[in-house]
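Worksheet: the structure to be examined is printed underneath.
Remember, predicted model here, so these are calculated numbers, not experimental data. Any value given below was found using the heavy atoms of this structure, including those in side chains, with hydrogens, waters and symmetry copies removed.
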Amino acid sequence: MNHDITDLLTSLQAEHDRAAARADELRRQIDHLTTALGEAEARLSELVAASEVFAELEPDSTASQPVELSAAYQAIVNAFNQHPNQDFRVRDLYDLLAMPTDDPALNVTRSRLGRLTHQGFLTQPGRGLCRKGT
């Protein structure tokens with residue numbers, strides 16, 4: 001009978017070792033995929049930001065046409081409409097709108113503010129400052 005228990009314990013230990021090795025391998029795969037996903041998402045964010053910046057640099061066919069207000073533009077315009085006498089820096093807007101403050105996103109917003117200023121929605125009372133236009 002003792003021999004049967006020893007065989008059973010040996011078998012259980014072997015099964016435990018196989019399961020532990022499989023779990024370790026899956027953890028390594030998860031770590032690798034998590035890192036790869038983070039890198040891919042960062043690159044995607046950079047490409048989206050670059051695309052938006054270049055799209056905004058494209059010359060308009062007529063300078064008097066109003067800016068098409070995407071959701072991002074609309075959020076910016078709404079913030080200035082709610083605080084018409086307040087000067088904002090880009091980071092102030094991000095705090096107000098609870099937006100992420102990664103560098104590509106900040107650059108896109110700076111570009112949007114420049115375009116809104118060019119179109120007359122905003123004025124620039126000082127370097128890096130914007131205010132609702134009159």
Side-chain angles (χ1 to χ4, degrees):
M1 176 80 69
N2 230 357
H3 181 51
D4 291 336
I5 292 176
T6 302
D7 289 345
L8 180 60
L9 289 174
T10 301
S11 178
L12 284 172
Q13 184 61 49
E15 184 63 26
H16 174 270
D17 293 346
R18 284 191 294 276
R22 177 71 176 141
D24 288 343
E25 175 58 28
L26 291 171
R27 282 187 204 96
R28 281 192 292 277
Q29 288 178 10
I30 288 170
D31 289 343
H32 171 75
L33 291 172
T34 300
T35 300
L37 177 60
E39 292 168 355
E41 286 176 338
R43 181 65 178 146
L44 182 59
S45 176
E46 291 169 354
L47 292 170
V48 166
S51 174
E52 289 179 2
V53 167
F54 284 112
E56 291 174 5
L57 292 175
E58 184 176 306
D60 293 335
S61 57
T62 61
S64 63
Q65 285 183 332
V67 172
E68 292 182 27
L69 295 180
S70 68
Y73 277 106
Q74 192 62 55
I76 292 169
V77 170
N78 289 344
F80 280 98
N81 286 339
Q82 291 171 2
H83 306 279
N85 298 318
Q86 184 173 345
D87 295 343
F88 285 100
R89 294 190 183 283
V90 173
R91 288 195 185 271
D92 299 333
L93 279 174
Y94 273 66
D95 291 342
L96 181 69
L97 301 173
M99 297 167 66
T101 57
D102 57 279
D103 287 337
L106 289 172
N107 290 334
V108 169
T109 300
R110 281 188 186 95
S111 178
R112 286 180 177 138
L113 292 175
R115 189 156 189 199
L116 289 169
T117 300
H118 177 73
Q119 294 294 324
F121 286 109
L122 304 176
T123 62
Q124 265 189 311
R127 182 168 161 77
L129 296 173
C130 290
R131 176 183 286 186
K132 184 177 193 264
T134 55

Identify the two heavy atoms, one from [X] and one from [Y], that lie closest to each other, and give their separation to 0.1 Å.
X: R89; Y: R127; result: NH1-O, 3.3 Å
X: G128; Y: Q124; result: N-NE2, 4.4 Å
X: L96; Y: A79; result: CD2-CB, 3.6 Å

- Message: Taking the six-membered ring for Trp, are F88 and F80 closer than 6.0 Å centroid to centroid?
- Response: yes

Give, for atom [atom1] of [X] and atom [atom2] of [Y], the distance between the pair rounded to the nearest 0.5 Å.
X: T123; Y: L116; atom1: OG1; atom2: CG; result: 11.5 Å
X: R91; Y: T109; atom1: CZ; atom2: OG1; result: 11.0 Å
X: L12; Y: D7; atom1: CG; atom2: CG; result: 11.0 Å
X: H16; Y: L9; atom1: NE2; atom2: CG; result: 13.0 Å
X: I30; Y: T35; atom1: CD1; atom2: OG1; result: 11.5 Å
X: Q119; Y: R112; atom1: CD; atom2: CZ; result: 14.5 Å

- Is there side-chain contact between T117 and C130, with at least one heavy-atom pair below 4.5 Å? yes

- Is there a side-chain contact between L113 and L93, using heavy atoms and a 4.5 Å cut-off? yes

- Query: Salt bridge or not for R28 and E25, using N-O below 4.0 Å?
  - Reply: yes

- Do V77 and L122 sit in the same hydrophobic cluster, where Ile, Leu, Val, Met, Phe, Trp and Tyr count as joined when their side-chain heavy atoms come under 4.5 Å apart? yes

- Message: If we count only N and O atoms by modelled type, under 3.5 Å, do the side chains of N78 and Q82 hold a donor and an acceptor together?
- Response: no

- Message: If the condition is side chain to side chain contact (heavy atoms under 4.5 Å, CB included), which residues does R27 pass it with, not counting sequence neighbours?
- Response: A23, D24

